[in-house]
Amino acid sequence: MKALARANNIADLRALARRRLPRPIFDYIDGGADDELTLRRNSSAFADYELIPDVLTDVSNIRTETRLFGQEVRWPLMLSPTGLNRMFHPDAELAVARAAARHGLLYGLSTLGTTRIEELAKEFAGPKVFQIYVFKDRGLTAEFVARCKESGFHGLALTVDTPVAGNRERDRVNGLSLPPRLTLKSFMSFALHPGWSLPALTGSKFDFANVSHKVDALASGPMSLFDYIGGQFDRSLTWRDVEWLASEWGGPLAIKGVMTPEDAKHAIASGATGVMISNHGGRQLDSAPAPIDQVAAIRDVLGDGPDVICDGGVRRGADVVKALALGATACSIGRPYLYGLAAGGEAGVDRALSLLLEELERTMILAGINDISGIRARHVRSRGSRR
Ligand SMILES: Cc1cc2nc3c(=O)[nH]c(=O)nc-3n(C[C@H](O)[C@H](O)[C@H](O)COP(=O)(O)O)c2cc1C
Ligand SMILES: CCCCCCC(=O)C(=O)O
């Protein structure tokens, strides 16, 4: 697709996605909670860090491989779990996973994905983790663990920043519901975007593939997506449940949504092998700090062993180098690949990943860093601490 080839960066892919999707669907991807302070801060915080280059270090050969969730990956970048991918493109999660595989990246499948755990595993041999939302029906969690073991998933990520749905006002204004409630305004927006596949949304293939036997949103009739799903989550979750999950699973487990050194320590003490520093892409607690600003303090208390993944706001390859210099093992992205998916299916995801990885490699060359493991704290400086 010519338009994809002309996209020079993630912002260009966002513009393409905006053109291709009906407004309520684009806003669901793009939006954040309340005043979207955290959404904006997640990205703008990266600008507060400068990269300090070395020179004359022989950058003719750049090594970017690392380990994540115990797996060898080609780049320190993973694809965050995101729900409802079939709303953005009919090829949904499989398109995303195929593009991830082509680049040797770790893929995260959401509990609220529209592709079954088993189907994803059959199509995607690469490194993969399953993201768990704990529902009031606790039997579902044990089921997920068993299905992931059976299907050969390499890790789990337990999302803990969603005891209740964030207040996503764009979605309220747009009347986003399941199935979509076609007000005149939203009907016009859907009608003006024939390239977007309405059958994919309303047809039999659209459901929460992994939980629909227990949580059938379509059967329950039109209602707010957030009120419905938020009402299914178990708010009584504590660190005891992490201990249970860690022992039931027995493999790599990250807690997604950790924002403080204290909670990071709790996570590891409870049996997790890593943390995803995340505020859910600014979609939950507005005014939460940007993940990049929490990386150094969290690495400091955890020491070298555990995976520390910086999740949120990454829009340039240079952002990844900054996060690694502050102590992250890797970064994780949500919207960047979703913009690509919406803009052009698998080819669009591929474009998003190629752009970010080319930027990452170029940044390493320009900063005189020839190996990911050679990124050091001295390669980054907070603008606030400039001498
Ligand atoms: C449309 C959308 C759906 C998401 N669905 C989930 C989900 O099902 N589970 C989850 O843990 N996080 C979910 N997230 C959050 C992402 O995993 C990730 O934390 C966030 O997108 C990172 O921020 P970024 O979009 O700035 O990269 C979702 C994010 C978006 C944009
Ligand atoms: C918490 C309400 C619904 C969440 C659906 C998927 C998700 O995590 C998101 O951020 O959107």
Side-chain angles (χ1 to χ4, degrees), residues 10 13-14 17 21 24-33 36 38-46 77-89 92-93 96 107-115 129-135 156-168 170-172 176-178 208-211 215 217 223-235 254-259 276-285 288 290-292 309-316 319-320 323 331-342 352 356:
I10 298 301
L13 285 175
R14 177 177 179 270
L21 292 174
I25 307 296
F26 174 76
D27 276 347
Y28 169 65
I29 297 177
D30 198 58
E36 302 190 338
T38 293
L39 171 65
R40 285 191 293 278
R41 177 71 192 149
N42 280 357
S43 291
S44 68
F46 282 100
L77 186 73
M78 72 171 269
L79 286 82
S80 295
T82 57
L84 301 156
N85 283 194
R86 207 172 298 279
M87 280 212 302
F88 319 139
H89 192 279
E93 287 82 5
V96 179
Y107 173 75
L109 175 67
S110 163
T111 291
L112 297 176
T114 47
T115 301
V129 301
F130 183 71
Q131 173 265 325
I132 291 187
Y133 275 131
V134 177
F135 287 81
L156 295 181
L158 174 69
T159 297
V160 295
D161 55 14
T162 322
V164 65
N167 176 38
R168 302 161 189 188
R170 293 200 218 182
D171 299 332
R172 287 189 193 282
L176 192 73
S177 59
L178 283 174
F208 294 113
N210 292 299
V211 291
V215 185
M223 65 189 303
S224 153
L225 172 69
F226 316 101
D227 294 342
Y228 179 75
I229 300 172
Q232 304 291 318
F233 292 153
D234 188 343
R235 286 195 215 175
I255 308 303
K256 178 173 184 284
V258 166
M259 288 300 295
M276 292 182 75
I277 307 175
S278 178
N279 51 42
H280 215 101
R283 297 159 78 79
Q284 289 297 113
L285 175 66
I292 186 67
I309 298 162
C310 177
D311 173 58
V314 171
R315 299 293 180 268
R316 290 283 188 183
D319 297 342
V320 181
C331 282
S332 197
I333 50 167
R335 292 181 188 83
Y337 78 76
L338 290 180
Y339 296 140
L341 178 67
L356 285 172

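Sequential numbering from 1 along the given sequence is applied to the chain's residues. Indexing begins at 1, ligand by ligand and atom by atom, following the structure's order.
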His89 and its side chain to side chain contact (heavy atoms under 4.5 Å, CB included) partner, picked from Leu341, Val96, Leu21: Leu341

Min N/O separation Thr162 to ligand 2 under 3.5 Å: no

Tyr28-ligand 2 polar pair, N/O distance under 3.5 Å: yes

Residues in ring-ring contact (aromatic ring centres under 6.0 Å, His included) contact with Tyr337, at least two apart in sequence or another chain: none

Need the ligand 2 atom indices (1-based, order shown) with element for anything under 4.0 Å from a heavy-atom of [X].
X	value
Phe233	1 (C)
Leu112	5 (C), 6 (C)
Arg283	9 (C), 10 (O), 11 (O)

Proximity of Gln232 to ligand 2 by residue part, where a heavy atom lies under 4.0 Å: neither

Side chain, backbone, both or neither: the part of Phe208 lying under 4.0 Å from ligand 2 by heavy atom: neither

Proximity flag Gly83 to ligand 2, non-hydrogen atoms under 4.0 Å: no

From Gly282, Ala165, Gly166 - option closest to atom 2 (C) of ligand 2 by heavy atom: Ala165

Between Asn210 and Thr111, a side-chain donor and acceptor under 3.5 Å: no

Modelled atom types, side-chain donor and acceptor of Asp30 and Tyr339, under 3.5 Å: yes

Intermediate values then yes/no, side chain to side chain donor-acceptor pair (under 3.5 Å), Asp161 and Asn279: CA-CA 7 Å; Asp161 55 14; Asn279 51 42; over 6 Å; no

Pi-cation contact, Tyr28 with Arg283 (under 6.0 Å, within 45°): yes

Closest contact, heavy atoms only, Ala45 versus Ala290: CB-CB, 3.6 Å

Side-chain donor or acceptor of Thr162 paired with backbone N/O of Val164 under 3.5 Å: no

Exam field: side chain Arg335 to backbone Gly312, donor-acceptor pair closer than 3.5 Å: no

Whether Phe233 and Phe135 hold their rings parallel, tilted or perpendicular, with breakpoints at 30° and 60°: perpendicular

Residues in contact with ligand 1, criterion: heavy atom under 4.0 Å: Tyr28, Ile29, Ser80, Pro81, Thr82, Gly83, Ser110, Gln131, Tyr133, Thr159, Lys256, Ser278, His280, Gly281, Arg283, Asp311, Gly312, Gly313, Arg315, Ile333, Gly334, Arg335, Pro336, Leu338

